[in-house]
Amino acid sequence: MKRTLLLLALILTFSVARSQTNSIKGVVADISSNVKLHNATVSVLNAKDSTLYKFTRANAEGNFSFPNMKNGNFILLITYPEYADFVNKFSLDSANRSIDFKAIDMKTKAKLLNEVIIKGQAAAIKIKGDTTEFNASAYKIQPNDRVEDLLKKFPGVTVDAQGKITAQGKAVEKVLVDGEEFFGDDPTLVTKNLRADMVDKVQLFEKSSDQAAFTGVDDGQKKQTLNIVLKEDKKQGYFGKIDAGYGTDDFYQIQAMFNKFKKKEKIAGYFTSSNTGKTGLGWDDAGKYGSSSNMEMTDDGMIFMSSSDELDGGGRYWGEGIPVAHNGGVHYENKWNNDKESINTNYKAGSLNVKINKNTINQRNLPDAIFNTNSTANTENDMFRQKIDATYNIKLDTTSNLKVTIDGTLKNSQSDVIDKSTGRRGDNSLLNTADRTTNNDTKQQVFNLSAFYTKKLKKAGRNFSINLSQAYNKSNSDGFLKSTNRFFDENEDLTSTEKIDQLKDNSILTNRLSSNVTFTEPLSKSLSLVANYGLTYTINKADRITYDASTPGVYDQFNSEFSNNFQADQLLNQVGAIFNYKKGKTVINLGTKTSFINFDQTEVYSNQRLKRNFTNWLPQASYQYKFSAQKSFSINYNGSNTQPSVNQLQPVRTNDDPLNIVEGNDQLKPAYNNRFNIRYNTYKVLTSRNFYVSGGFNFTNNQIVSNNTTDDGGKTTYRTVNLEDKLPYNYNAYMGYSRKFAFLGNMNAGLNLGGNGSRSYNYVNGNLNVTDNQSISPSLNLSSYGDKNQFYMSFGPRYFVQESSLQRQANNKGWGYNGYMDLSFKLPKKITIRSDAEYTYQPSSASFDNSFERFVINAAITKAFFKEESLKVMLSANDILKQNIGFSRSASTNSITQTSYNNISRYFMFSLIWDFNKMGGAPKTN
């Protein structure tokens, strides 16, 4: 009996203890509509750091419950589509073990208007399908902060010193303003100039192509995109900024931007002038309009001919040398007719002068020898460019749309190069010397036009589109080549001398007309077929004339050996079919495109004609699984042909470098490329935890490689051949992990690991050479962005290997280091101190007996005035240690090259910065 009573007492005690476990419950409903919100997302967060503690969804009756909860302070967060978020703080302890929230009345956003019903702080981040939305008002900003400063505070988003944005492990390629492009594709003109206090929210998503957005079928062409949504009261008025500074050694910079917004109409303009490397126009996109000297063929058989001469340096600034840039532009956009019509247009103009002093050391590995060449080049490039573009969009009716895009470019460039080189054998005996002077003047015209028409048919998912386009590119250039080359034997006795004095007059034209029709047919709820047909006709003309001098300064002797006049016409028919399967979280694409190409080339001077008909296969397959909006896995494969370029088949004969001669090979066959890519990404918004891993592997069958023959005098002849029985390959792999750590004061910390490598082949004097490149670079990242202090640091080692099988002992490999740091402190009296530093170290190697170390430190102190801090005085120092020296090493075929060049070095500058703002009301006054 006693045992029974004892057992009952234990059971009773356990039951009482169980009944005292912490718990909460409630019902999610829209009381005004008498609707229970089933499947509403219900989260419990730790109040201390907003990390997720528990998560569930409301059942069919709107009920939710969380049993077995611990003691502590928490936040209840409830979200439901089209409803305002519900946020409420609560606590559980021994005196308050159970909470019944009863019926939680959710309000639709439409009913809220200006009423605030969300308790506690505004939700900083929301997940809406595939879009992550950051609420700008939840982040503290300083007066006159730019969008760039706001982005740095978002979890999972980083902005480097050049303004490059990375979000959730992916580089951001587009930045939109209210869904529209602002000054074209230059995102820094948005992030560095628009004010942060104008932003309502920032949306992060992957933007699909126009074709995919219309058909609803994923074509794999996506760009990581940020959309800056402005506050309604900030779309009326004007604002701008003027920044002017002058420094030691006559360094200067002027930057000004003015913006006027009137609802859907936006007008903006900017101007920059500097010799500090801040070109302001995003000149790296000049690569879209400049080009090399070759006619090239893309994977689908499209041929395009470059427009600049082989002597043209391009006039662009790639971070080498000392630039002087003057740039400006205007932007206009508007919508009307109930948003059925819109226009977005830009005009940009700029001049750029770059002076470069470059030293290059080249090691050429031969089967039985090593040739080393040391060259110095003094280059001056000048360029003036104008570009205008416009996009007009009209909704013709509820089912059809027309988008017309047009752009044109006028570009004048001039390049002058003085090059001196000395070649030596492996025993350091003199091999050859070369003195060369080239100059070139080029005028270029570019015009592009496209029209994209879309039509939705009656059956859901059935639609078609038509795309028509024209691309016109013409250039005329003339220049002089003066060269003296001397050759020596093993005793360093002069054996021969070559002198060249020529005038080159070149005219190049490419005109391409293309059309494409795409039809989408839903085969079932989850399976669609996208079929397309394309027709393209391309005309390429190149007339390159060389004249020798009969007497000094008189160029009237036609040189047939180095003159070419040919026309290449191409007709391309392309058909394709892609099956798209999309069900739940899975997306699969499988299909191919096939191109039938007729190619006809005629060379006038030699009376040679080349005709070819060939077929290109472009299969593709991809698989994507989205576990959630912030967690996905994807793998894809693409196969493609690489046709021999026109230069490889019938070369444009040039002698601008008599030590390197090119020959063609009309027996070349197409190569076939196989590309595999894989990616896994997961992101936890509340803890800012991000993990991603990605990789790619490519290999090529029948690759077109170089067959080089180098004679005893150091002169090399290049000829391309098909590689048999070998598979060249390259690979890359990246992994990153980052999150916010409470014990580090909520600092974000991360670890990145990157690696890449390749194996390539070429023939050298009849011997097969294998060139290996490998690199691995882990790095540690720390960042913290507070109200007054901001900090970012990245540092890590790098191990690299560059070697040729012909002379493996003469390789370039070892451990190097890279680091970057950026910090700022806001002091009393509106004083801010900022500094950034970059460290690079590369060791000596068997190829190069010199190590390289660079430590660049920049700093600035700023004093702000007035309540809005609209006026600032800044004293800045660039490259305090005077170590900003350009340096690089690379390996290609059987050569290893080291390059060093001049760069912008130490200077001190005094600047005045004025922000003016009259947006959405009375003007800001001081």
Side-chain angles (χ1 to χ4, degrees), residues 142-149 162-163 175 177 181-199 228 230 234 237-247 250-262 265-285 317 323-333 345-353 384-388 832 834 860 862-866 868-876 878 904 907 909-919 923-926:
Q142 301 299 318
N144 297 310
D145 270 359
R146 302 292 150 183
V147 168
E148 182 179 75
D149 302 303
Q162 288 73 40
V175 177
V177 178
E181 289 190 352
F182 194 74
F183 274 114
D185 282 337
D186 191 350
T188 59
L189 285 174
V190 176
T191 59
K192 290 183 178 293
N193 291 288
L194 289 189
R195 298 169 58 94
D197 59 8
M198 298 173 57
V199 180
I228 312 298
L230 302 180
K234 298 298 184 182
Y238 64 84
F239 68 97
K241 179 182 179 181
I242 298 176
D243 182 346
Y246 185 78
D250 291 327
F251 279 100
Y252 68 92
Q253 64 182 40
I254 302 172
Q255 296 178 316
M257 188 166 189
F258 176 81
N259 304 266
K260 183 180 179 181
F261 291 175
K262 186 178 181 181
E265 182 182 50
K266 296 182 176 68
I267 302 173
Y270 75 95
F271 171 77
T272 68
S273 178
S274 77
N275 60 354
T276 62
K278 297 181 179 179
T279 58
L281 189 57
W283 283 99
D284 54 353
D285 72 352
Y317 181 60
V324 178
H326 311 288
N327 305 304
V330 293
H331 168 83
Y332 178 80
E333 67 176 89
T345 183
N346 305 281
Y347 170 76
K348 297 178 183 179
S351 66
L352 181 65
N353 174 272
F384 177 74
R385 188 188 69 174
Q386 300 180 80
K387 179 177 183 290
I388 187 169
T832 302
R834 182 184 180 277
T862 305
K863 165 66 177 174
F865 298 90
F866 309 123
E868 292 81 18
E869 300 187 8
S870 57
L871 180 65
K872 295 179 181 178
V873 176
M874 182 173 67
L875 180 63
S876 59
N878 182 80
I904 298 169
Y907 65 83
M909 181 171 289
F910 177 79
S911 303
L912 287 175
I913 305 168
W914 177 42
D915 280 277
F916 53 91
N917 174 28
K918 183 183 178 182
M919 297 296 294
K924 299 283 186 179
T925 60
N926 297 324

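Keep in mind that the numbers below use all heavy atoms, side chains included, and drop hydrogens, waters and symmetry copies. All of these numbers come straight from a predicted model, not from anything done at the bench.
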J.: Roughly how far, to the nearest 0.5 Å, is the CE atom of Met874 from the OG atom of Ser911?
T.: 4.0 Å

J.: List the steps and the verdict of side-chain contact (heavy atoms from CB on, under 4.5 Å) for Val873 and Leu912.
T.: CA-CA 5 Å; Val873 176; Leu912 287 175; 3.6 Å; yes

J.: Start with the C-alpha distance between Phe916 and Phe258, add both sets of side-chain angles, then the distance that settles side-chain contact (heavy atoms from CB on, under 4.5 Å), and finish with yes or no.
T.: CA-CA 9 Å; Phe916 53 91; Phe258 176 81; 3.7 Å; yes

J.: At their closest point, which heavy atom of Pro323 faces which heavy atom of Ile904, and how far apart are they?
T.: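 Shortest heavy-atom separation between Pro323 and Ile904 comes out as CD-CD1, 3.7 Å.
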
J.: Val147 and Arg195: which non-hydrogen atoms are nearest, and at how many Å?
T.: CG2-O, 4.1 Å

J.: Going through the checks in order, is the side-chain contact (heavy atoms from CB on, under 4.5 Å) test met by Tyr270 and Lys348?
T.: CA-CA 9 Å; Tyr270 75 95; Lys348 297 178 183 179; 4.1 Å; yes

J.: To the closest 0.5 Å, what do you measure between CD (Glu868) and CG (Asp197)?
T.: 10.5 Å

J.: Please walk me through it: do Ile242 and Phe271 pass side-chain contact (heavy atoms from CB on, under 4.5 Å)?
T.: CA-CA 10 Å; Ile242 298 176; Phe271 171 77; over 6 Å; no

J.: Rounded to the nearest 0.5 Å, what separation is found between the NE2 atom of His326 and the OG atom of Ser274?
T.: 8.5 Å

J.: Starting at CD of Gln255, measure out to CD1 of Ile913 and round the result to the nearest 0.5 Å.
T.: 9.0 Å

J.: Once rounded to the nearest 0.5 Å, what's the spacing between atom CD1 of Ile267 and atom NZ of Lys260?
T.: 6.0 Å

J.: Please check this pair: side chain of Asn275 against backbone of Asp250, looking for a donor-acceptor N/O pair closer than 3.5 Å.
T.: yes

J.: Inspect the surroundings of NZ in Lys863 and state if more than 12 heavy atoms from other residues, nucleotides or ligands are less than 6.0 Å away.
T.: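 Enclosed: over 12 neighbouring heavy atoms sit under 6.0 Å from NZ of Lys863.
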
J.: Atom CD1 in Ile254, atom OG1 in Thr276: separation rounded to 0.5 Å?
T.: 11.0 Å

J.: Return the minimal non-hydrogen interatomic distance between Asn327 and Gly350, and the atom names on each side.
T.: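 Looking at all heavy atoms of both residues, the shortest contact is OD1-CA, 3.2 Å.
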
J.: So Phe261 and Phe239, ring pair (Phe, Tyr, Trp, His ring centres under 6.0 Å) or not? Walk me through it.
T.: CA-CA 9 Å; Phe261 291 175; Phe239 68 97; 5.6 Å; yes

